[in-house]
2 protein chains.
Amino acid sequence: MNRQFAFRPVKVKQMNTQLDDTAPDGEPDATQLILTDIQSGLFPQGAWLKQIDLETRYGRGRNEIRRALDRLAQKRIVEHVPNRGYHVYKADGKQADDIAEIRIMLETGIIPKVVEMATADDIRNLRALANRFESLILHGTMLELYEANLNFHGALVQLSGNGELNSVIAELRQRTSSAPVSQWRTRARIEKSSQEHHQMVDLLEAGKADKLKALIETHIRQG
Amino acid sequence: MNRQFAFRPVKVKQMNTQLDDTAPDGEPDATQLILTDIQSGLFPQGAWLKQIDLETRYGRGRNEIRRALDRLAQKRIVEHVPNRGYHVYKADGKQADDIAEIRIMLETGIIPKVVEMATADDIRNLRALANRFESLILHGTMLELYEANLNFHGALVQLSGNGELNSVIAELRQRTSSAPVSQWRTRARIEKSSQEHHQMVDLLEAGKADKLKALIETHIRQG
DNA sequence: CCATCCAAAATTGGTACCAATCTAGGAGAA
DNA sequence: TTCTCCTAGATTGGTACCAATTTTGGATGG
């Protein structure tokens with residue numbers, strides 16, 4: 001047969017490029033729902049996640065729950081014990097330090113490139129994100145604060161032009177901050193964080209790479 | 001009731017701390033099997049992985065195959081298209097560069113600590129691993145070489161004392177090297193790599209952190 | 001009173017089946 | 001012939017069921 005490429009009406013289908021996909025209907029993936037409930041402190045460290053409970057809570061089939069739990073286990077957010085089930089991972093102190101160390105290496109490592117690449121628009125954008133975090137201290141929930149913080153750091157990382165880095169860092173952050181966000185930090189610490197966000201933008205604008213690196217290091221270490 | 005902690009014969013059960021678990025019977029997980037077949041080039045880039053084929057090939061139930069494919073999709077080694085199946089991810093050039101960049105940041109970032117921590121035993125061990133790689137150039141398969149290389153770098157990272165770093169780097173490596181190992185590199189490049197392994201051990205023994213960093217950077221970039 | 005043992009209930013996890021969807025290939029019209 | 005439409009086959013993916021394992025709570029014996 002000759003016509004190897006007949007033209008047919010091709011239905012383009014969206015592929016899953018995201019890590020945690022959302023259904024096109026706006027129905028969020030069960031993985032994300034469970035993760036949020038862990039981060040919000042609803043499921044504390046060590047809690048057992050029973051499949052039936054999750055099934056009824058999120059209104060999903062057993063299958064989707066099982067898949068979600070397996071994914072969270074791969075990300076080491078929950079732990080799987082055969083024939084016993086899944087429970088929320090207990091973050092070790094040493095482990096948290098190790099992960100912070102990795103984040104420091106990555107988030108400071110890209111700073112030279114970030115300083116080089118940042119445009120005036122980028123800096124405006126970062127300022128907006130820093131402001132958003134600041135305003136949420138008073139009027140937002142802890143979860144919103146947590147996400148605003150993620151957005152700020154994510155935007156900074158994005159400037160490096162390294163598309164893979166974001167997913168790697170996001171994954172790392174998910175691993176530690178599964179500690180209840182409710183008692184994330186004290187109010188004083190949060191306000192200090194907010195100030196540091198603004199300082200970071202200032203240092204970036206001034207092009208002071210070394211001082212920015214040092215600030216990020218302390219910022220992550222105390223977080 | 002008063003006795004909150006009654007002593008019963010406790011059956012200790014092994015938990016899954018590894019990323020890709022192997023069953024206690026020595027039956028390897030389907031995820032690992034498929035991954036190896038991808039890395040060995042049996043399933044080339046873009047190939048569709050049909051569930052029935054995998055089922056018969058590995059002698060596993062449909063369920064385990066599905067779980068394995070989902071895990072590989074989470075790791076971005078395969079891509080999932082709804083109602084069409086899973087196919088081997090096509091590695092982008094830019095993406096490979098980005099991942100190499102991340103590896104450089106991490107593997108050079110820990111060098112100060114590695115230099116500080118390394119004992120004479122550690123150095124002997126590294127030499128042995130470098131020798132093993134060298135000897136496999138002649139008598140080993142490409143897959144064995146690939147794994148020996150992983151072992152060498154893994155041992156080096158291990159010296160940093162950062163337990164999390166290994167899993168992060170291992171995951172990164174899996175993402176790029178899903179390109180067929182068969183045509184991994186030319187013979188000349190492999191021999192150069194082997195030489196560099198030895199040089200790295202030498203520099204580590206001499207305590208020359210900066211030169212070691214530079215060598216690792218070029219080593220990763222050309223790999 | 002306390003530890004041990006046993007049976008019932010609950011939970012996990014695998015297998016089989018079936019509906020929804022897509023692809024391949026042939027029949028029919030221009 | 002060449003394009004379009006349609007049916008048959010293949011594949012994916014969800015649901016339901018059931019076996020294996022564990023936990024719970026009470027009965028039994030020291």
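Per chain, numbering begins at 1; letters A, B, ... match sequence-line order.
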I'd like to know if the side chain of [X] and the backbone of [Y] have a donor-acceptor N/O pair within less than 3.5 Å.
X: B:Asp122; Y: B:Thr119; result: yes
X: A:Glu144; Y: A:Thr141; result: yes
X: A:Asp37; Y: A:Leu42; result: no

Check whether any side-chain nitrogen or oxygen of B:His80 sits under 4.0 Å from OP1 or OP2 of D:dG13, and answer yes or no. yes

Between A:Arg67 and D:dG14, is there a contact of a side-chain N or O with OP1 or OP2 at under 4.0 Å?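 Yes, within the criterion.
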
Whole angstrom is fine here: how far is it from [atom1] in [X] over to [atom2] in [N]?
X: B:Asn83; N: C:dC22; atom1: CG; atom2: C1'; result: 7 Å
X: A:Leu54; N: C:dG13; atom1: CG; atom2: P; result: 13 Å
X: B:Arg66; N: D:dT11; atom1: CZ; atom2: P; result: 15 Å
X: A:Arg62; N: D:dA19; atom1: CZ; atom2: C1'; result: 14 Å
X: A:Glu55; N: C:dA10; atom1: CD; atom2: C1'; result: 14 Å
X: A:Asn63; N: D:dT12; atom1: CG; atom2: P; result: 15 Å
X: A:Leu49; N: C:dA10; atom1: CG; atom2: P; result: 20 Å
X: A:Ile52; N: C:dT12; atom1: CD1; atom2: P; result: 6 Å

Tell me if the side-chain of B:Arg60 makes a donor-acceptor pair with the base of C:dG14, cut-off 3.5 Å, by modelled atom types. no

What I want to find out is whether A:Asp97 reaches A:Lys94 closely enough, with some N-O distance under 4.0 Å, to be called a salt bridge. no

